[in-house]
Amino acid sequence: MAISERDIEHIFERLRSGVVPERGLEAFAVGIDKQRTEIHRQFQLAANGEGVFKFLRGGYGCGKTFMSRLAILDAQAQGFATSFVVVSDNDLHFYKFDDVYRKVVQELGTSSCPRGALSDIIDRWIARVEDALIAAGADENSDEFDTLVQQRMEEELASLTGGKAPEDMARVLRAIFTFKQQGEIAEASALLSWLAGSENVAATAKKAAGIKGDIASRDALDYLHGILEIVKAAGYKGLVIVIDEVETVLRMRHDSRGKSLNGIRQICDASDRYKGLLWIYTGTPEFFDTKRGVAGLEPLHDRIQFLAPGGFANPRQPQLELKPFDARRLKEVALKLREIYPTANRTGIVNKVTSEFIERLVTKVTAGFKGDVGVVPRQFLRQFVNILDLAAENDEFDPMIAEGFEPTDLNEVELLIREGRAYFDEEPADIQGYAAVEF
């Protein structure tokens with residue numbers, strides 16, 4: 001698999017900070033073929049017009065964020081628009097659909113525009129509307145052409161959403177188009193911010209579009225439906241939304257937690273009405289299995305409960321299980337990272353950071369966690385990348401010595417060197433009582 005130098009640098013820079021990279025993940029993805037295949041099946045369902053959802057289930061260190069980031073990259077590569085939202089304390093309550101909408105739309109991305117892609121998506125849609133009008137015989141140079149474009153935009157939005165798109169959404173889209181045509185970019189940007197859910201748009205900008213107030217929770221999912229249809233009308237297969245670390249809900253107050261869980265239930269129940277939309281949530285077993293979480297809300301639990309008869313879990317059920325790392329998988333990841341590490345002296349890196357060293361490092365890092373490899377990938381990879389850096393920068397650096405590993409399976413010469421003895425036969429003159437041979 002080809003990977004750019006830019007993405008390689010991004011990978012190692014993120015791993016140095018203990019953070020999952022946003023690009024190039026396929027270069028060191030191992031042990032998740034079954035899960036990735038299921039996610040791709042969900043993509044196909046969405047591309048075929050289904051509204052679907054999936055929950056990624058795994059404990060700390062199982063790679064939920066990695067898997068969901070990889071899903072975003074795979075989705076974009078397959079022609080979807082995406083949104084990656086990380087749940088943090090007190091800034092995303094699922095019962096406040098305007099919160100959900102704002103986070104999703106602000107994080108919209110595509111393969112050509114990784115973040116903040118709403119404006120680009122709308123421009124692509126408008127360009128298609130214009131092309132369709134021109135193909136039907138409209139004169140793009142006529143004074144009426146812009147009016148025709150606005151009319152067709154409104155007609156398409158109404159048709160695609162079954163007439164459920166809010167009136168203010170149509171007004172704002174018309175105004176955005178007009179401002180862009182007039183070169184008034186600041187005004188258009190203000191209305192784009194409003195459409196993305198911002199509550200800090202000046203009243204003058206709203207007045208220019210003929211709207212009042214902000215997007216309310218009761219209307220937010222209708223706006224999301226409109227955005228979804230615009231995404232598809234712009235030429236994308238659909239929209240994939242990742243909600244990462246949804247277990248954060250467990251830290252909310254009892255009343256907020258209950259309402260947020262019910263909000264997730266409402267989104268799942270309505271998913272079939274959003275054709276081409278895939279929701280992916282990531283959460284820990286505690287989120288799914290405890291009474292404080294999903295198990296405490298029977299309607300949601302009944303719909304997405306996890307079944308594993310005899311220890312076998314069907315990947316096609318609502319919850320997709322991610323297995324903890326084991327030593328073998330961690331070593332495979334390290335070997336892949338060693339293979340792509342940016343260095344002019346690859347042979348030197350391979351000779352220093354050997355397979356044996358990697359195995360020992362896995363054992364050492366996991367020792368502090370009682371051998372539980374599943375909870376240490378982040379720490380291990382951060383330490384491993386640091387060792388690669390040191391090996392590349394310092395000719396004298398020996399990872400084995402630096403980590404305090406005792407060498408094993410030494411041959412006779414290596415044993416002599418280790419003991420500080422010469423590894424060649426001593427001349428008689430070097431031995432007391434013998435004279436040097438003269439010629």
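Positions are given from 1, in the same order as the sequence printed here.
Two residues are said to be in side-chain contact when any heavy atoms from C-beta on lie closer than 4.5 Å; Q106 and V85 fail this criterion. In this structure, the side chains of L335 and R338 come closer than 4.5 Å at one or more pairs of heavy atoms. Annotation: side chain of E26 is not in contact with side chain of L73 (no heavy-atom distance under 4.5 Å). Side-chain contact between T282 and V246: absent, with no pair of heavy atoms (C-beta onward) separated by less than 4.5 Å. Using a 4.5 Å heavy-atom threshold, the side chains of R128 and R152 count as separate. The closest side-chain heavy-atom distance from V105 to S83 is not below 4.5 Å.
A salt bridge links D289 with R57: the distance from a Lys NZ or Arg NE/NH1/NH2 to an Asp or Glu carboxylate oxygen falls below 4.0 Å. Using a cut-off of 4.0 Å between Lys/Arg side-chain N and Asp/Glu carboxylate O, E13 and R16 are scored as salt-bridged. Residues R328 and E332 are paired through a salt bridge, judged by an N-O separation under 4.0 Å between the basic side chain and the carboxylate. Ion pairing between E107 and R115 holds under the 4.0 Å rule for side-chain N and carboxylate O.
No donor-acceptor distance shorter than 3.5 angstrom exists from the side chain of K323 to the backbone of G31, with no hydrogens or angles considered. Without hydrogens or angle criteria, R102 side chain to A196 main chain gives no donor-acceptor distance under 3.5 Å.
Aromatic ring pairs are classed by plane angle as parallel below 30°, tilted from 30° to 60° and perpendicular above 60°; the pair F66 and F28 is perpendicular. Note: F55 and F53 have perpendicular aromatic rings, judged against thresholds of 30 and 60 degrees for the angle between ring planes.
For A220 against Y101, the heavy-atom pair with the smallest separation is O-CD1, 3.6 Å. Nearest heavy atoms, F397 versus I387: CE2-O, 3.9 Å. A pairwise comparison of heavy atoms in L173 and W125 identifies CD1-CZ3, 4.0 Å as the closest pair. Between A205 and A190 the shortest heavy-atom distance is CB-CB, 3.9 Å. Shortest non-hydrogen contact noted between S260 and M252 is OG-SD, 3.6 Å.
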| said: Run the salt bridge (Lys or Arg N to Asp or Glu O under 4.0 Å) test on R41 and E38 for me, step by step, so that the C-alpha distance in whole Å, both residues' side-chain angles and the decisive distance to 0.1 Å come before the verdict. | reply: CA-CA 5 Å; R41 189 180 74 86; E38 171 57 18; 2.8 Å; yes

| request: Kindly determine whether F80 and F43 satisfy ring-ring contact (aromatic ring centres under 6.0 Å, His included), including the steps that lead there. | output: CA-CA 9 Å; F80 287 86; F43 293 161; 5.6 Å; yes

| request: May I have the step-by-step check of side-chain hydrogen bond (donor to acceptor under 3.5 Å, both in side chains) for T354 and E356, ending in yes or no? | output: CA-CA 5 Å; T354 63; E356 181 192 359; 4.9 Å; no

| request: Assess whether salt bridge (Lys or Arg N to Asp or Glu O under 4.0 Å) is satisfied between E50 and K275, documenting all intermediate values. | output: CA-CA 5 Å; E50 299 288 337; K275 312 298 184 184; 5.7 Å; no

| said: What verdict does the side-chain hydrogen bond (donor to acceptor under 3.5 Å, both in side chains) test give for D74 and Q78, after you've listed the backbone C-alpha separation in whole Å, the side-chain angles of each residue and the deciding distance to 0.1 Å? | reply: CA-CA 6 Å; D74 286 347; Q78 292 191 26; over 6 Å; no

| Under the side-chain hydrogen bond (donor to acceptor under 3.5 Å, both in side chains) criterion, do S119 and K180 qualify, and how do the steps go? | CA-CA 11 Å; S119 179; K180 285 192 173 184; 2.9 Å; yes

Listing, residues 300-307 side-chain donor-acceptor contacts under 3.5 Å, not counting sequence neighbours, or none:
{"residue": "R303", "atom": "NH1", "partner": "C268", "partner atom": "O", "Å": "3.3"}
{"residue": "R303", "atom": "NH1", "partner": "D269", "partner atom": "OD1", "Å": "2.6"}
{"residue": "R303", "atom": "NH2", "partner": "C268", "partner atom": "O", "Å": "3.4"}

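A search for salt bridge (charged side-chain N to carboxylate O under 4.0 Å, His left out) contacts involving E187 returns nothing, not counting sequence neighbours. In this view, F287 satisfies the ring-ring contact (aromatic ring centres under 6.0 Å, His included) rule with no residue, not counting sequence neighbours.
For the pair R360 and F357, the cation-pi test (distance below 6.0 Å, angle within 45°) is failed.
Of the residues L239, I241, T82, the one that meets the side chain to side chain contact (heavy atoms under 4.5 Å, CB included) test with L108 is L239.
The structure places CZ of F177 at 6.0 Å from CD1 of I126, a figure rounded to the nearest 0.5 Å. Atom NZ of K103 sits about 6.5 Å away from atom CG of L92, to the nearest 0.5 Å.
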